[in-house]
Peer 1: 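Let me give you the structure first, and then I'll get to my questions.
Quick note on labels: first sequence line is chain A, next is B, and so on, each numbered from 1. Treat the numbers as computed from the prediction; the structure is a model and nothing was measured.
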Amino acid sequence: MEEVDVEPTTTPIPGFDSNQKHLGFVWGPGDILVYETIYKASGGSAGGCPFVHEVRKDEDIYSPILRKLFNESHHIFVGLQRIREDLPMYHVSSLELIWNLCEVLFIDAAPAGSLVLHLLDWVRLHKADVDEKAREVLASESPAEHQAYWDVVISYVLQGRMDEARQVLVKQAALQPAARVMFKLLDNLLMKMPIFNPGETQTLTEFDVKWRHWREEVDHCLQDQSFASNRHLEDICKILVGDEDVLLEYKELLSTWYHFLVTRLLFSHPTVKPTELHYYAQVLTTTLYMIQKPLDSILLAAFEFDIHQVIKDCSIALNNWWFVGHLTDLLDHCKLLQSHNLHFGSNLREFLLLEYASGLFTHHSLWQLAVDYFDHCPEFGRVYLELQIERVPLDTERKALKVIRICEQRQMTEQVRSICKIMAKKALRNNRLGSALSWSIRAKDAAFATLISERFLQDYCAKGTFSDLDLIDNLGPAMLLSDRLTFLGKYREFHRLYGEKRFSDAAKLLLSLMTAKIAPHSFWMTLLTDALPLLEQKEVIFSADQTHELMFCLEELTSGKSVPTPDRPMQVLGYTPPYPLSNVCFPFNLLIHCFIICSNLYSCLARG
Amino acid sequence: MDGINAKYVSKKISKTRWRPVSSSSLQQPDIFATGSWDNEDNSISIWSIGENGVSSMDDEFEGDPQLLCEYKHNGDVLDLQFLDQDRIVTASSTGAVTIFRHHHNSQTLSVSQLWERAHHYPCNNAPCTGVVCNSPEIVTVGEDGRIMLFRADQEGVLRTIEMADSSAIHAVTFLRTTEILTVNSIGQLKLWDFRQPGNEPSQILSLTGDRVPLHCVDRHPNQQHIVATGGQDGMLCIWDVRQGNMPISLMEAHTSEMWEVHFHPSNPGHLFSCSEDGSLLHWETSSNTDTPSLQGGRNTSIISRSAIAPAGGNQSLINAWLTGDSSKGHLETTHMLPSQMLSVNSLDVLGQCLVCGTDGEAIYVNRYVPI
């Protein structure tokens, strides 16, 4: 397994002289990044080259025609995972050729008798030029004298299309009334050629007998020299008995070794069994035609019923994994692949699908198709998806939403979180606090929601007003996502209540923010300072109990800790201090002062 | 599902729009425009399904869309509208707003006008997410939370509403000639009146429950206060903007984001919605029949909840939308596309024709929508 199957292809890097310089490289998911190192062949170091080259293996993935193929086959692939669908016809001829042959040999698994007929169909499907030529000939003034006339007749015979051959022969017969008997004889032979009909109750043996009988008749005509006067008719007759030398003469018309193979089988061994196919194929390829193209070795492997070799050869010959992945998947569904376990644990079908899907993922647009393929790779699909999905570039919110939806549907919560965090951070950088919050809600990310609330509160402390009121005023149940967010919403509500002069409600809310421990300690100073205008109102707003609570909070704040001085200006609530204050104790002294005033007030009230 | 075939176009389609037909003619629409997204080279394309299309070798289906012309587009096409018979406005992910002109004689497209940084952040570009026109005025919205007002053939900006929204605005529609409605990613509908100066909306509506991001909005063609929205949770909401600040009815529609919702322009008893879950639903209200009308395709029953009873409104069709159940009318939904599809990003319906585009790089056209 360690030897190299084929010579690896070399890709020259433009502007790079391999004699002088060395290349460095690094693997990407579907490509290689290549750069010139500073190494110089003649010692010392050279100046650096500023270019980094990206070498892509799979060019097909960027072809618009093949993209249609990928999308259509994806649609079909997804359907196939649930039920078996009709096989599609693809518009790429070699792939079609291989695919159809695999259908005939592996999927339909035609038995002896029908096998040759199916193979004939397969050949006819891929040799459309005969009909074209025939049309041209028949459309001409005098078809029988057309230079391609006999080519058409013989091609039809070689493809086993006797009725068409006879129709065209009639033209020649009309021209030569003297040879009418000869033409009639050949016409008769062609008409009587037995064709195996799987539907009838005729057994293979019965057919074989009939066929041999017919062949003898043809041979008899040959021996009799019945067609000696017309070389073409004689050739046809020799073809009918499977004369190999004559077949060889018409090598050009047959054009490919597999056409030759099928034709030979038709006229020499029409009851060939599938297991015997490879013998005839091998003989052909070693003696008569040379195997030149990768396509030939793939087809040969198919005739040998070596499925794994077919897959292997396809993998080497073709640019991307599309064909091989789908073919293997299909074969797997038909239970034709033994669980061929590879070294790293997954089976062949999964390996190929993973390769195909990974290739798709590198495409800027086709990555969405890859997701479904990963879904249907039970062992490693999920892991591959988890790793790949985070690398999809997210330029717009809409794209991010689609990626997140894919992750959510597969319970990939880590990836959801990470993508939402990326988007939220981006939004924060652009000062879009509403968007950032929206992403945190999607990810249920309490930590980030806290971060955003801190930003709001910082903005408030710096500017003295809230930004984005449309957001904070309308938080709704999202408020509960994090304590800090709840505090933000409630704090804003406090300001609203104050603005509407609903002082007692405002006071109650303010107090609850501290006593219920929703407010962060760092903000308590601000809150207590907010309480000042309420304390200073003529009308008594805080009840005795409430005042005591406030004092308790103040005490808690100052016990053993340094008092943080608030940044925000005092003018926010329309409060201007009536007397000058020293920096250090401001507004601490003030607070104590006010509280003392109030508690004196109450004591008076209580006494009085 | 008769009469609907896929046309694979080698790029993901973000928007499809019919070219408007003049109201006097009874013709069915035959030209539509599409915009692509997520491609290295995005483009806008004009297609024809009529006889004036150029036939090509491999498309044998009658009415198969034929490509008339195409033009490169910078960035994803996030929204697309016909300004008039010859001009198309697009909203780009680069923040640009472009007017393309379609030259009928030569079947070519050219750029007629471009506002390159219509939507932006302080340091980079911000995607422009929605555009709506009332020729010659064009209103655009973007992820930067701005609303921009332009006039075709006039350079510069007519009006900017700065900081209209602290979150991304996803879609916009005209309510009246001077009023628009926007939806954003924290689930709010905002009404804006251009006659008022300043940057405040005249009204804000939202659900009391979870603030689900809203992605699409459409106004009832005849009743200007009835509006449909769809959002991240795939629910269809019908609102009456005159009353309260809550939707009139909520209906479960799709299993993931609803990208577009459209009332049929001439038969508003029909509504269409499409979603990330790959389905396109045809909603039909029929108040006069006792038996449900057969649509073909797959029928699903809908679950609806009425938030509050509608106040007044004596048209039975409107009631059917508002109540969303069969007490006053009958509401039926039909799936219009085969299953197992990637996201349907956009749809448009005019006359009897429906066109939609998907992430499976396919366009579907149905010329016999039962309405």
Peer 1: What is the minimum heavy-atom distance between A:Ser438 and B:Pro213, and which atoms define it?
Peer 2: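 Nearest pair, atom of A:Ser438 first, then B:Pro213: OG-CG, 4.3 Å.
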
Peer 1: With only heavy atoms counted, which part of B:Thr255 is less than 4.5 Å from chain A, the side chain, the backbone, both or neither?
Peer 2: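 For B:Thr255, the backbone is the part near chain A, not the side chain.
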
Peer 1: Which bit of B:Glu276 comes within less than 4.5 Å of chain A, counting heavy atoms only: side chain, backbone, both or neither?
Peer 2: side chain

Peer 1: How many angstroms lie between CG in B:Leu342 and CG in A:Leu369, if you round to the nearest 0.5 Å?
Peer 2: 6.0 Å

Peer 1: Is any side-chain heavy atom of B:Ser93 less than 4.5 Å from a side-chain heavy atom of A:Asp395?
Peer 2: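 A side-chain contact under 4.5 Å is absent here.
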
Peer 1: If every non-hydrogen atom of B:Ser167 is compared with every non-hydrogen atom of A:Arg432, which pair is closest and at what distance?
Peer 2: O-NH2, 3.3 Å

Peer 1: Just so I understand: if I count every heavy-atom pair under 4.5 Å between each of B:Glu200, B:Lys11, B:Glu40 and chain A, which residue has the most?
Peer 2: B:Glu40

Peer 1: Assess, by modelled atom type and distance only, whether the side chains of B:Lys12 and A:Asn71 contain a donor and an acceptor separated by less than 3.5 Å.
Peer 2: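 No, A:Asn71 and B:Lys12 have no side-chain donor paired with an acceptor closer than 3.5 Å.
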
Peer 1: Can you tell me if A:Gln368 uses its side chain to pair, donor with acceptor, with the backbone of B:Gly360 under 3.5 Å?
Peer 2: no

Peer 1: Would you say A:Lys399's side chain and B:Asp38's backbone share a donor-acceptor pair under 3.5 angstrom?
Peer 2: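 Looks like no, no N/O pair under 3.5 Å.
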
Peer 1: Taking atom types as modelled, is there a side-chain donor on A:Arg405 or B:Gln232 under 3.5 Å from an acceptor on the other?
Peer 2: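 No, because no side-chain N or O of A:Arg405 sits under 3.5 Å from a partner of the opposite role on B:Gln232.
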
Peer 1: I'd like to verify something: which residue of B:Leu78, B:Val9, B:Asn345 has the highest number of heavy-atom pairs under 4.5 Å with chain A?
Peer 2: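 Ranked by contacts with chain A, first place is B:Asn345.
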
Peer 1: Would you say that A:Asn430 contacts B:Glu143 through its side chain, given a criterion of any heavy-atom pair below 4.5 Å between the two side chains?
Peer 2: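 With C-beta onward as the side chain, the pair stays apart.
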
Peer 1: What distance do A:Leu401 atom CG and B:His170 atom NE2 have between them, rounded to the nearest 0.5 Å?
Peer 2: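 Between A:Leu401 CG and B:His170 NE2, I get 6.0 Å after rounding to 0.5 Å.
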
Peer 1: Check for a donor-acceptor pair, side chain of A:Ser435 on one end and backbone N or O of B:Ala168 on the other, with a separation under 3.5 Å.
Peer 2: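 Side chain of A:Ser435 to backbone of B:Ala168: a pair is present.
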
Peer 1: Against chain B, label A:Trp367 side chain, backbone, both or neither, depending on which of its atoms sit under 4.5 Å from a heavy atom there.
Peer 2: side chain

Peer 1: Count the heavy-atom pairs under 4.5 Å between each of A:His364, A:Arg398, A:Gln409 and chain B, then report the option with the highest count.
Peer 2: A:His364

Peer 1: Of the listed residues (B:Asp277, B:Ile204, B:Ile186), which shares the most heavy-atom pairs with chain A below a 4.5 Å separation?
Peer 2: B:Ile186

Peer 1: Rounded to the nearest 0.5 Å, how far does OG of B:Ser166 lie from CD1 of A:Ile472?
Peer 2: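 That separation rounds to 8.5 Å.
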
Peer 1: Need one label for B:Asp76: side chain, backbone, both or neither, based on atoms under 4.5 Å from any heavy atom in chain A.
Peer 2: side chain

Peer 1: Which one wins on heavy-atom pair count under 4.5 Å against chain A: B:Asn124, B:Asp359, B:Asp165?
Peer 2: B:Asp359

Peer 1: Let me know if A:Arg442 has heavy atoms under 4.5 Å from chain B in its side chain, its backbone, both or neither.
Peer 2: side chain

Peer 1: Could you grab the distance from atom OG1 of A:Thr396 to atom CH2 of B:Trp37, nearest 0.5 Å is fine?
Peer 2: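 It is 6.5 Å, given to the nearest 0.5 Å.
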
Peer 1: Is the number of heavy atoms from other residues, nucleotides or ligands under 6.0 Å of A:Asp459 CG greater than 12?
Peer 2: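 Yes, CG of A:Asp459 has more than 12 neighbouring heavy atoms, counting only those of other groups under 6.0 Å.
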
